[in-house]
Amino acid sequence: MKNILLASAVCFLCSCAPTRFVKPLAKKQQAVNFSLGGPVIDYKSVPIPMPFITATYGYGIDSSLTGFASLNITSALYGNLQLELGATKQLLKQKGGIPAISINPVLNIIYRKNEARLYPQLDVNAFWDHNNGRSFFYVGLCNWFELQSKRTLDEDQPHHWILTPMIGETLVRKKWNYNIEAKMVAANVSNASVVDYKSLINKHGAFGIYFGVTRKF
């Protein structure tokens, strides 16, 4: 299992967690989120999502801007320090059936074996409040950028722009939010690997599913 986790962390870094905050928090509101999930693989002939656990703290800078920081707990247990520093900015409000729009600029920091790498990311999200504001549905596109020109063993890096579309639903309560999200992780990247990723696109990407809970205070 250790080898599988490490291979996943290297091959599909942007798969390790769901979108942090699609909808900004209220001004001065704080939140702590825990999520579980990852790309679906065959493990002893049983399809299961990778057990990535992440923890996130968010703070509402104002009603349209939330800052956040995340730690991938599972990766840390296997010697990979993976941090995320980012923000959620709402650009447009919902008008009837026209969705609200938000973006998530993120800096991913990966540290392993005395080597640190930076991976910029920009998510674009559309979301719709429904059920009298007690839920919201969203779709989005994660854009992950690889800055390195070479891979391990001095091979050329074939992909500098990695695309991951996602879809999700969040149940909103006074103090708690509950979230489920599905992704097509790295949809434009070949999934040839020692790991048997399950995909909706033949030989590309990996289907991922994630569950999250958020405590607001």
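Because the structure is a prediction, the values reported are computed rather than measured. The first residue in the sequence is number 1, and the count goes up from there.
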In one Ile/Leu/Val/Met/Phe/Trp/Tyr side-chain cluster, 4.5 Å: [X], [Y]:
{"X": "Leu65", "Y": "Leu25", "value": "no"}
{"X": "Phe136", "Y": "Val139", "value": "no"}
{"X": "Leu83", "Y": "Leu118", "value": "yes"}
{"X": "Leu71", "Y": "Phe21", "value": "no"}
{"X": "Ile73", "Y": "Leu36", "value": "yes"}

Side chains of [X] and [Y]: does their closest heavy-atom pair fall under 4.5 Å?
{"X": "Phe52", "Y": "Ser75", "answer": "yes"}
{"X": "Pro99", "Y": "Phe127", "answer": "no"}
{"X": "Gln121", "Y": "Thr164", "answer": "no"}

Can you tell me if [X] and [Y] form a side-chain donor-acceptor pair at under 3.5 Å?
{"X": "Glu181", "Y": "Asn179", "value": "no"}
{"X": "Ser64", "Y": "Lys89", "value": "yes"}
{"X": "His130", "Y": "Gln94", "value": "no"}

Member of Ser35, Ser70, Pro18 meeting the side-chain contact (heavy atoms from CB on, under 4.5 Å) criterion with Thr56:
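Output: one option passes, namely Ser70.
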
Nearest heavy-atom pair of Gln29 and Phe217: which atoms, and what distance?
CG-O, 3.7 Å

Of the non-hydrogen atoms in Pro24 and Ser63, which two are nearest, and what is the gap between them?
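Looking at all heavy atoms of both residues, the shortest contact is CB-O, 3.9 Å.
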
Candidates Thr66, Thr54, Thr214, Asn33 - the one meeting side chain to side chain donor-acceptor pair (under 3.5 Å) with Arg20:
Thr54

Between Asn188 and Ile162, does the side-chain contact (heavy atoms from CB on, under 4.5 Å) criterion hold? Intermediate values first, please.
CA-CA 6 Å; Asn188 60 325; Ile162 300 172; 4.0 Å; yes

Measuring from Arg117:CZ to Ile109:CD1, what's the distance to the nearest 0.5 Å?
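It is 14.5 Å, given to the nearest 0.5 Å.
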
If you apply the rule side-chain contact (heavy atoms from CB on, under 4.5 Å), what do you find for Asn104 with Phe68, and how did you get there?
CA-CA 10 Å; Asn104 300 89; Phe68 60 84; 4.0 Å; yes

Backbone N/O of [Y] and side chain of [X]: donor-acceptor pair under 3.5 Å:
{"X": "Thr74", "Y": "Pro51", "result": "yes"}
{"X": "Asn143", "Y": "Leu122", "result": "yes"}
{"X": "Arg173", "Y": "Arg134", "result": "yes"}
{"X": "Asn108", "Y": "Tyr119", "result": "yes"}

Give the C-alpha distance, both sets of side-chain angles, the deciding distance and a yes or no for side-chain contact (heavy atoms from CB on, under 4.5 Å) between Glu146 and Trp161.
CA-CA 6 Å; Glu146 168 61 74; Trp161 182 13; over 6 Å; no

Go through Lys216 and Trp176 one step at a time and tell me if the side-chain contact (heavy atoms from CB on, under 4.5 Å) criterion holds.
CA-CA 6 Å; Lys216 298 170 287 185; Trp176 297 89; 6.0 Å; no

Atom CG of residue position Asn132 - does it have more than 12 heavy atoms of other residues, nucleotides or ligands inside 6.0 Å?
no

Is it true that, when you exclude Tyr57 itself, more than 12 heavy atoms of the residues, nucleotides or ligands shown sit nearer than 6.0 Å to its OH?
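Yes.
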
Identified salt bridge (Lys or Arg N to Asp or Glu O under 4.0 Å) partner of Asp129 from the options Lys93, Lys23, Lys95
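Exactly one candidate clears the test, Lys23.
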
If the condition is side chain to side chain donor-acceptor pair (under 3.5 Å), which residues does His204 pass it with, not counting sequence neighbours?
none

